[in-house]
Student: 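Next up is a structure, given as structure tokens.
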Amino acid sequence: MTIQFNDETFRDDYTFRNSDWAIRRFPFPFHEDSYMYSVNMERHRGGPEGSVYAKRFDVDEHYISEMRDRALVLAEDPLRCQSLPHMTLAGWDLLELIMVNKSEDYPDLFELDRDGNKWRWINKPLSIDDSFIFMDEASLPYGPMEYITRQTQGDFAVLDQRENNLWMDAGMVTTQADWSLDFDIGMNFFEWHAPVPLAHEMGVFKRALKFLLNVQQGNPARRLNWTMTVNPLLDTSPENYHKWGVQKTTLTPENLGRKQHLRVELQTFYRLPRSNALVFPIRCYLIALEDLVTIPKWGRRLHRVIRDLPVELATYKGFIDNRPLILDYLSQFDDGLPTSPGVWPDLDSEPPLRR
Amino acid sequence: MSTDLDRLHVVVTAKVKLNDLVTRFEFVHAGGKPLPPFSGGAHALVEMRDGDVTRLNPYSLMSDPLDPSHYAISVRRDDAGRGGSVFLHDKVQVGDRLNLGYPVNLFALDLTARKHLMIAGGIGITPFVAQIKQLQSTGGAFELHYAARTQALATYADALRAAHPARVNLYLDDQNQQIPLERLLSGQPPGTHVYVCGPRGMIDWVLTTAHALGWPPEAVHFEEFLAPQPGMPFTVELAQTGKTICVGEHESLLEAMEREGVDAPYLCRGGACGQCETRVLAHDGTFHHHDHWLEEHDRNGRKIMPCVSRFEGTRLVLDR
Amino acid sequence: MSTFQFPPSIASRPTYGTLGPRAGAAQIMLADAEGAEALLAVAKTDPELMRRAHVIYIPKHTGAQFIDQLRAANPAILHVAPSYAACTQRLHRVFSAAPMGAQLYLAGTEGLIGQAMALALQIGIPKSAIQTEHRGSVARRVQCVHCKGITEDVMIDPFQCSHCGLNLFVRDHYSRRLAAFQGVCIDAEDPGNVPPSVELYS
Ligand code: HEM
């Protein structure tokens with residue numbers, strides 16, 4: 001299908017909306033009625049047609065507006081995109097990965113012509129048509145990582161691999177769940193994960209790192225993470241927390257369904273060939289609770305997950321104060337019926353809500 | 001790595017005898033497509049169908065990592081080995097089709113280094129050939145010290161010296177020349193990383209000397225060319241699958257498990273990556289560990305790396 | 001005694017050890033205030049090593065108290081600097097000339113250790129060639145995540161950012177590159193509601 005791109009905002013008047021198409025393909029992250037941290041990784045090798053897993057870099061109706069929001073963030077704070085000097089090669093690897101995959105997966109939107117080092121990149125939605133020399137930084141308006149990630153939805157952390165660890169040595173981070181690239185750049189896997197509760201003790205990070213160090217070329221992996229955000233605000237950065245934090249206190253029973261969003265990150269892992277680095281795209285999807293509960297299974301399940309989530313996790317994810325309000329709202333959509341296993345909506349087989 | 005999607009289908013386009021021991025093989029993509037680029041120091045597994053035996057041996061890629069038109073490997077003939085190198089030398093010809101694994105790098109350059117000090121012994125030169133090409137394109141300071149038995153066996157020495165006269169130093173055993181290691185490791189500027197690839201004795205020499213001179217481990221990198229060694233046949237019981245299998249003289253434990261349809265994870269097949277690590281449940285006999293992976297306390301009958309290690313004794317039970 | 005037992009914390013928060021003599025191609029030592037005691041302890045264990053050392057010392061509030069003792073330990077070079085800022089160019093020069101195999105000893109406050117460590121790593125001295133020992137004040141260097149300004153010698157939590165004036169709580173999350181802990185606005189969700197400050201570790 002051709003994508004109808006929305007003209008919408010993720011700040012101020014918050015005109016962001018999901019179409020019915022976007023609601024149905026939302027990457028609902030809970031495969032059962034409860035949630036706890038785990039080493040939840042699987043191969044990233046497609047998924048059902050139309051789902052967010054089908055393509056390697058999913059493009060959806062929010063593409064153009066998200067890129068506009070990213071440009072605004074960067075104009076305000078260029079430190080959201082940084083690359084330590086040894087990461088330039090990885091930047092070219094990433095540029096190639098995205099250009100090749102997007103032009104293969106969306107030939108009507110993106111075109112890549114390669115003649116040796118002479119490359120031409122056409123991005124129709126953003127009206128870009130650039131010719132440049134691969135591996136020659138002077139031939140692009142930005143460094144390779146910044147150039148391509150200004151045109152690709154989701155945040156990107158680029159990890160150098162050395163000393164049996166991963167080091168966050170470059171990134172483009174403007175749609176993050178409250179962490180700072182500028183602060184974390186240069187850290188290793190355990191250091192940047194330091195603030196996460198419980199998972200270290202559970203051994204999750206040790207096992208996850210071992211897995212990641214062995215992610216190989218041609219064999220990417222993926223996982224989901226999630227949190228809750230009031231208003232469809234992409235840039236929930238610590239940098240601006242003193243500005244957006246107060247929005248968390250604006251929820252009322254009347255506006256909650258519209259304002260409270262479930263925020264899901266589709267995280268993928270690719271080995272980069274020339275640099276031996278690993279890239280970690282973090283793609284953020286937002287959905288208002290009132291849209292989410294139109295899928296009866298998801299409404300039932302989200303209520304149970306939020307209700308039973310350990311206090312440590314609700315605190316870390318920043319919605320412990322709002323949890324009672326959220327539960328009041330969600331409980332209307334949980335009739336106690338069992339839910340089918342797995343993440344899919346199962347609209348045909350799951351019963352409608354019994355009032 | 002176990003499905004067809006993980007394989008690169010290639011055609012042999014050149015077979016060049018470089019000296020009495022070493023032959024270079026070049027490959028292009030069988031479908032005429034570019035091959036994936038790689039990073040200097042990476043190896044690829046070469047799949048060899050030798051009668052009813054299938055071997056997967058790792059060889060360092062030594063072509064230009066940034067040039068996707070072809071790959072090259074250099075193979076040293078090992079008549080005492082299990083036959084992988086002999087098979088390539090004697091049986092594989094230009095025009096043959098082979099399957100390769102995707103490139104995997106367990107001997108990567110540390111790109112934060114200010115300078116790369118490379119020490120090669122014999123066929124251990126191959127990963128450095130690719131790394132030097134990478135540094136040439138991306139701009140990085142390096143210095144190579146290369147020891148070989150004779151001038152004739154100093155594979156690629158002439159080409160390297162011609163391209164980098166000031167950076168390549170050759171030492172020949174038959175001329176009684178030795179790498180002045182202690183001097184080299186004293187007085188290197190901060191941010192220098194040292195890399196060694198060659199026979200076990202050379203690696204140990206570099207590691208010990210560097211340690212004694214105060215070099216911290218994160219600045220010292222090594223890769224030993226491990227090919228599974230032949231050995232006495234032995235029998236293994238696999239507890240999970242309930243199979244009892246015999247490991248022949250010329251196959252590895254991993255290969256024997258694969259022959260019997262036991263799904264075992266692997267990556268490097270050279271004792272370095274840790275993927276195939278397997279728990280020992282019971283044993284009565286002696287282990288012949290050849291890997292670089294296990295901790296000392298695991299070697300005592302707790303774990304084994306089936307890709308390179310063997311066993312001699314009356315009973316061995318593994319958790320597979 | 002100038003030592004302090006830091007409570008267990010998260011993985012990014014630095015931990016400190018006890019300096020010990022290590023064989024190496026060069027011996028470089030840097031301390032501030034009570035950190036001198038840690039260097040003197042090394043000198044006591046291995047007087048020979050001290051005689052080959054280049055020592056840079058910033059007395060801070062301790063005045064002349066440790067200078068004579070350091071001099072008596074007979075280091076190859078003893079440089080006394082009035083502040084960290086005053087000696088950074090010298091440190092840059094000394095670190096850059098340190099061959100691989102050199103050993104670096106850092107002792108004193110977290111701010112000094114952190115800044116010198118960041119400089120050394122940036123120049124290419126490997127992490128495990130650097131030993132650290134905390135002595136003296138437990139004050140922290142804190143970066144305001146909002147305005148990016150760094151406030152030195154923070155002793156209370158919350159505190160007011162010396163650059164933008166926001167009230168910040170002090171996290172244990174630590175950046176080695178910035179040599180700073182992270183400070184985050186404490187009253188973002190309830191502007192004006194700032195709890196009274198308490199002394200760190202009280
Ligand atoms: C190498 C790629 C990865 C990067 C760059 C990355 C980055 C991050 C960052 C920056 C945070 C926020 C920490 C903070 O509070 O400041 C985080 C949280 C977290 N990460 Fe990762 N991560 C990676 C891989 C993984 C993997 C493979 C796992 C697998 C278990 C994982 C599990 C988690 C968990 C459980 C959290 C807490 C999230 C929450 O509760 O909302 N991460 N990650």
Side-chain angles (χ1 to χ4, degrees), chain B residues 41 107-120 128 131 135 138-145 167 169 179-197 202-223 295, chain C residues 14-17 19-30 42 45-46 48-54 56 76 88-106 113 115-132 175-178:
Chain B
F107 189 53
L109 292 170
D110 186 319
L111 297 180
T112 64
R114 302 292 186 284
K115 175 180 172 185
H116 308 274
L117 180 67
M118 302 166 173
I119 299 179
F128 294 124
Q131 289 181 338
L135 290 172
T138 56
F142 73 90
E143 200 177 293
L144 172 71
H145 298 268
R167 296 175 170 205
N169 305 273
I179 296 178
L181 187 61
E182 200 150 323
R183 184 173 61 69
L184 277 182
L185 293 181
S186 311
Q188 291 293 339
T192 307
H193 282 241
V194 63
Y195 305 79
V196 52
C197 183
M202 174 182 236
I203 293 174
D204 288 344
W205 178 48
V206 173
L207 296 187
T208 328
T209 313
H211 179 72
L213 291 171
W215 283 66
E218 69 259 34
V220 184
H221 312 260
F222 63 94
E223 180 161 82
E295 309 275 352
Chain C
T15 54
Y16 305 94
L19 300 187
R22 271 199 205 155
Q27 306 285 343
I28 303 166
M29 302 183 177
L30 171 69
V42 176
T45 332
D46 191 343
E48 207 39 56
L49 184 144
M50 195 60 168
R51 276 195 269 285
R52 289 190 285 122
H54 184 152
I56 297 167
T88 43
Q89 292 309 309
R90 183 186 179 103
L91 283 176
H92 204 286
R93 168 72 179 76
V94 173
F95 290 170
S96 305
M100 285 300 289
Q103 300 297 330
L104 184 54
Y105 305 79
L106 306 175
I113 294 174
Q115 290 178 87
M117 168 96 89
L119 180 65
L121 292 175
Q122 192 199 326
I123 287 172
I125 296 182
K127 195 154 40 63
S128 47
I130 307 172
Q131 295 186 65
T132 60
S175 159
R176 230 197 305 250
R177 188 184 64 102
L178 299 167

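Computed from a predicted structure; not experimentally measured. Every chain is numbered from 1, with letters handed out A, B, ... down the list of sequences.
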Student: Under a 4.5 Å heavy-atom cut-off, does chain C meet the side chain of B:Ser186, its backbone, both or neither?
Tutor: neither
Student: Can you tell me which of C:Ala129, C:Pro99, C:Ser128 forms the most heavy-atom pairs within a distance under 4.5 Å of chain B?
Tutor: C:Ser128
Student: Measure the CZ-OG1 distance between C:Phe95 and C:Thr88 for me, rounded to the nearest 0.5 Å.
Tutor: 10.5 Å
Student: Measure the CG-CZ distance between C:Leu30 and C:Arg90 for me, rounded to the nearest 0.5 Å.
Tutor: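 Between C:Leu30 CG and C:Arg90 CZ, I get 11.0 Å after rounding to 0.5 Å.
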Student: Heavy atoms only, distances under 4.5 angstrom: which of B:Gly187, B:Gly191, B:Pro217 has the most pairs with chain C? Name it, please.
Tutor: B:Gly191
Student: Please check if the side chain of B:Trp215 supplies one atom and the backbone of B:Leu185 the other of a donor-acceptor pair under 3.5 Å.
Tutor: yes
Student: I'd like to know which of B:Ala212, B:Pro189, B:Pro190, B:Gly214 tops the heavy-atom pair count under 4.5 Å against chain C.
Tutor: B:Pro190
Student: Any idea which of C:Ala98, C:Ala102, C:Ala120, C:Ala26 has the most non-hydrogen atom pairs under 4.5 angstrom with chain B?
Tutor: C:Ala98
Student: Return the CE to CD1 distance between C:Met117 and C:Ile125, rounded to the nearest 0.5 Å.
Tutor: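 One gets 11.0 Å once the value is rounded to the nearest 0.5 Å.
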Student: In Å and rounded to the nearest 0.5 Å, what is the CZ to CG distance from B:Arg183 to B:Leu213?
Tutor: 13.0 Å
Student: Would you say the side chains of B:His145 and B:Glu143 form a donor-acceptor pair under 3.5 Å?
Tutor: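 The criterion, which ignores hydrogens and geometry beyond distance, is satisfied for B:Glu143 and B:His145.
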Student: I need the C:Ile123 CD1 to C:Arg93 CZ distance, nearest 0.5 Å.
Tutor: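 Answer for the CD1-CZ pair, C:Ile123 versus C:Arg93, is 11.0 Å.
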Student: Applying side-chain contact (heavy atoms from CB on, under 4.5 Å), can you list everything that pairs with C:Ala53, at least two apart in sequence or on another chain?
Tutor: C:Gln27, C:Met29, C:Met50, C:Val55
Student: For chain C, find its close neighbours in residues 107-117 of chain B: heavy-atom separation under 4.5 Å, sorted by number, or none.
Tutor: B:Arg114
